[in-house]
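Since the structure comes first, as structure tokens, the remarks are kept for the end.
Everything numeric in this text was worked out from a predicted model, so none of it was measured. FYI, side chains are in, hydrogens and waters are out, and symmetry mates aren't considered; it's all heavy atoms of this structure.
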Amino acid sequence: MGKLKKTFIAVMALSFVMGISSYAGEAPRIIYDPSVTGESSSQTHTEKGFIDEAGLQLINDAQKRQVEANSLDALMNMDVNMNMNLRDSATGEAQDMAFGIGLDLAMKMKDIESPQTMKYIMDMKMTMPGIIDEPLDMKMFYADGWLYSDTSGVKTKQYMDPAIYGDMQMTDSMQQILNSSTYNTDFFKSLTVTSHNTDNPDGNTVLSYTMDGREIMKYVNEIYAAIGFDMSELGFDMNISDIKGDITVNSAGYITRDTMDMTINISGNSQGIENNMAVVVKADVTYNNPGSPVDFNLPSTEGYEEIIGGADGLAEGLSLQ
């Protein structure tokens with residue numbers, strides 16, 4: 001089953017990359033229900049559902065406040081459950097796999113919009129029951145052009161010129177993710193208020209949303225086409241379900257929590273291996289004291305071994321692939 005396992009690992013990595021990339025950058029448009037906007041009815045629009053315009057404005061304003069705060073203190077819990085069927089076309093050998101991955105992430109950032117002074121720290125714990133016996137602990141932090149990583153006691157550092165954070169697409173996309181609230185609302189397919197600020201003593205507004213999986217998939221394909229990546233060359237076809245979740249906005253107009261539930265389906269034949277996989281992702285993000293200044297102390301930088309070549313070496317290596 002060696003070839004099956006290699007294909008499984010490749011597809012698993014691909015699903016994570018594609019799923020996360022769907023939230024970077026700018027999306028195509030906001031789609032409104034014609035009954036709300038007064039537009040003339042058409043088949044394209046009537047399929048899209050209802051958008052609460054006041055709720056949409058509330059979310060967009062909240063995300064704008066987050067960007068203006070220039071800092072972030074957040075906790076994320078993510079559960080990923082994978083079900084995969086692999087079959088060797090030549091031998092008929094088949095294998096079903098099912099397992100879950102749990103991820104807990106704590107992140108603090110400040111001076112996000114200033115690459116020269118930006119600092120952040122992330123603590124991550126990953127569990128894979130039945131695959132690894134002990135949780136995988138990782139701490140990453142960035143300061144003064146250096147990215148430090150401590151993975152279960154293995155310490156490395158890599159130089160990332162601050163100018164790269166401001167200019168290169170890879171790190172620029174990272175900033176776009178980190179200085180906004182998880183997703184771009186332009187992908188909303190429907191949005192409704194499920195709890196008004198007058199319905200609870202905290203004055204919170206809770207909104208439920210659906211994001212258009214087809215539109216997100218189109219955008220993901222555009223991203224990878226721009227960097228010369230073609231999934232079909234790997235023999236895979238992927239689609240993303242409509243994404244559902246809830247957003248909580250507090251009385252001060254800041255997002256305090258958002259949740260997400262989506263399914264990624266991947267199928268195809270690569271190197272003689274037929275694959276069908278469903279990846280169910282559930283994420284829950286809590287924003288601590290949004291709007292307040294974020295401060296933290298970074299760990300000691302002693303004992304970290306430099307990755308030779310730094311960002312230049314990484315870019316050169318990617319160009320040779």
Side-chain angles (χ1 to χ4, degrees), residues 15-33 36 47-67 72-82 100-107 176-197 199-200 202 204-220 238-250 253-265 278-288 290:
S15 69
F16 273 112
V17 171
M18 297 293 280
I20 293 172
S21 296
S22 66
Y23 297 101
E26 295 183 3
R29 64 186 183 277
I30 297 174
I31 304 170
Y32 295 99
D33 185 277
V36 178
E47 290 178 351
K48 292 300 179 180
F50 176 77
I51 294 286
D52 186 303
E53 293 191 70
L56 183 66
Q57 189 65 51
L58 181 69
I59 294 171
N60 284 331
D61 288 346
Q63 293 198 126
K64 182 180 178 181
R65 290 187 183 95
Q66 176 64 59
V67 173
L72 183 68
D73 182 352
L75 301 173
M76 182 182 73
N77 173 266
M78 179 181 289
D79 289 313
V80 181
N81 290 287
M82 299 186 182
I101 298 174
L103 179 66
D104 291 310
L105 175 67
M107 178 192 305
Q176 290 174 19
I177 295 172
L178 295 176
N179 69 6
S180 63
S181 297
T182 311
Y183 38 64
N184 192 313
T185 60
D186 290 4
F187 283 121
F188 279 177
K189 183 176 180 179
S190 66
L191 179 69
T192 58
V193 177
T194 56
S195 178
H196 290 272
N197 56 4
D199 296 337
N200 58 87
D202 294 325
N204 294 332
T205 301
V206 182
L207 306 101
S208 293
Y209 69 85
T210 301
M211 294 168 63
D212 194 324
R214 291 176 300 178
E215 293 295 327
I216 291 176
M217 193 67 245
K218 289 178 184 178
Y219 181 61
V220 169
M238 187 180 90
N239 65 77
I240 300 173
S241 69
D242 284 351
I243 300 172
K244 297 181 179 180
D246 295 314
I247 299 168
T248 301
V249 181
N250 67 13
Y254 288 92
I255 294 176
T256 58
R257 184 185 181 194
D258 60 53
T259 68
M260 180 194 73
D261 189 342
M262 76 173 178
T263 300
I264 303 171
N265 290 294
V279 184
V280 179
V281 181
K282 296 179 182 292
D284 191 333
V285 182
T286 299
Y287 300 94
N288 298 318

Can you name the nearest heavy-atom pair linking [X] to [Y], along with the distance?
X: T256; Y: P290; value: CG2-CG, 4.0 Å
X: G213; Y: D242; value: N-OD1, 2.9 Å
X: N81; Y: G100; value: OD1-CA, 3.7 Å
X: T192; Y: F50; value: CG2-CD2, 3.9 Å
X: A74; Y: V285; value: CB-CG1, 4.3 Å
X: S208; Y: D246; value: OG-OD1, 2.5 Å

Can you name the one residue among D79, D261, T263 that meets side-chain hydrogen bond (donor to acceptor under 3.5 Å, both in side chains) with K282?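 The single option meeting the side-chain hydrogen bond (donor to acceptor under 3.5 Å, both in side chains) with K282 is D261.
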With a 4.5 Å heavy-atom cut-off, do [X] and [Y] have their side chains touching?
X: V80; Y: V279; result: yes
X: Y209; Y: L191; result: yes
X: M78; Y: L105; result: no
X: V193; Y: L58; result: no
X: I59; Y: F188; result: yes

Contacts of type salt bridge (Lys or Arg N to Asp or Glu O under 4.0 Å), residue D284, not counting sequence neighbours: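 With sequence neighbours excluded, D284 shows a salt bridge (Lys or Arg N to Asp or Glu O under 4.0 Å) to R257, given in chain and number order.
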Please name all residues satisfying salt bridge (Lys or Arg N to Asp or Glu O under 4.0 Å) with K64, sequence neighbours left out, ordered by chain then number.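 Result, salt bridge (Lys or Arg N to Asp or Glu O under 4.0 Å) vs K64: none returned.
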Within this structure, what is the [atom1]-[atom2] distance for the pair [X] and [Y], rounded to the nearest 0.5 Å?
X: L72; Y: Q66; atom1: CG; atom2: CD; answer: 5.0 Å
X: T205; Y: N197; atom1: OG1; atom2: CG; answer: 4.0 Å
X: M76; Y: M260; atom1: CE; atom2: CE; answer: 8.5 Å
X: I264; Y: M217; atom1: CD1; atom2: CE; answer: 8.5 Å
X: S241; Y: M211; atom1: OG; atom2: CE; answer: 10.5 Å
X: L56; Y: D61; atom1: CG; atom2: CG; answer: 9.5 Å

With a 3.5 Å distance limit and no angle check, can you tell me whether T194 reaches the backbone of V206 through a side-chain donor-acceptor pair?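 Here the side-chain-to-backbone pair exists.
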Any chance the side chains of D104 and N77 put a donor and an acceptor closer than 3.5 Å? yes
The single option from D258, V249, T248 passing side-chain contact (heavy atoms from CB on, under 4.5 Å) against L207: V249
